[in-house]
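Here the structure comes first, spelled out in structure tokens, and everything after it is commentary.
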Amino acid sequence: PSQRAVGTATFDVRGTTVSAIAQPYRFYLLKRAQDEFAAMNEADRAEVTAMLEAAETLPVMEATTTREIGIKDNLEVWL
């Protein structure tokens, strides 16, 4: 077990600068969402893409980490 954060990230949300801690579990969940998005058929992916564009969050589906994060014995592990 280690700290819950691996650093901080600053980003812009509709004109507001936000600073947040970077937590491995969030990356784990993001990868799961990205995998589901990638597995969608073309029509479903187009529908979700339109929703994400409307919410100005499509870049989230395109963001990647250099390593994946998994779960082992109820702890996050870097793969």
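All residue numbers refer to positions in the sequence shown, counting from 1. Since we're looking at a predicted model, the values are computed, not measured.
Minimum heavy-atom separation, Ser19 to Thr10: OG-OG1, 3.8 Å.
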Donor-acceptor pairs under 3.5 Å, side chain of residues 37-47 to any protein atom, not counting sequence neighbours: which ones?
| residue | atom | partner | partner atom | Å |
| --- | --- | --- | --- | --- |
| Asn41 | OD1 | Ala43 | N | 3.1 |
| Asn41 | OD1 | Asp44 | N | 2.8 |
| Asn41 | ND2 | Asp44 | OD2 | 3.2 |
| Arg45 | NH1 | Ala38 | O | 3.1 |
| Arg45 | NH1 | Met40 | O | 2.6 |

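Within the 3.5 Å criterion, the main-chain N or O of Tyr28 finds no donor-acceptor partner in the side chain of Glu68.
Every salt bridge (charged side-chain N to carboxylate O under 4.0 Å, His left out) that Glu56 has, sequence neighbours left out, goes to Arg14. Remark: Glu53 engages Thr49, Leu58 in a side chain to side chain contact (heavy atoms under 4.5 Å, CB included) (not counting sequence neighbours).
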Side chain to side chain contact (heavy atoms under 4.5 Å, CB included) between Leu52 and Val60, intermediate numbers included: CA-CA 9 Å; Leu52 293 170; Val60 171; over 6 Å; no
Criterion side chain to side chain contact (heavy atoms under 4.5 Å, CB included) on Met51 and Val48, from CA distance to verdict: CA-CA 5 Å; Met51 178 192 68; Val48 172; 4.2 Å; yes
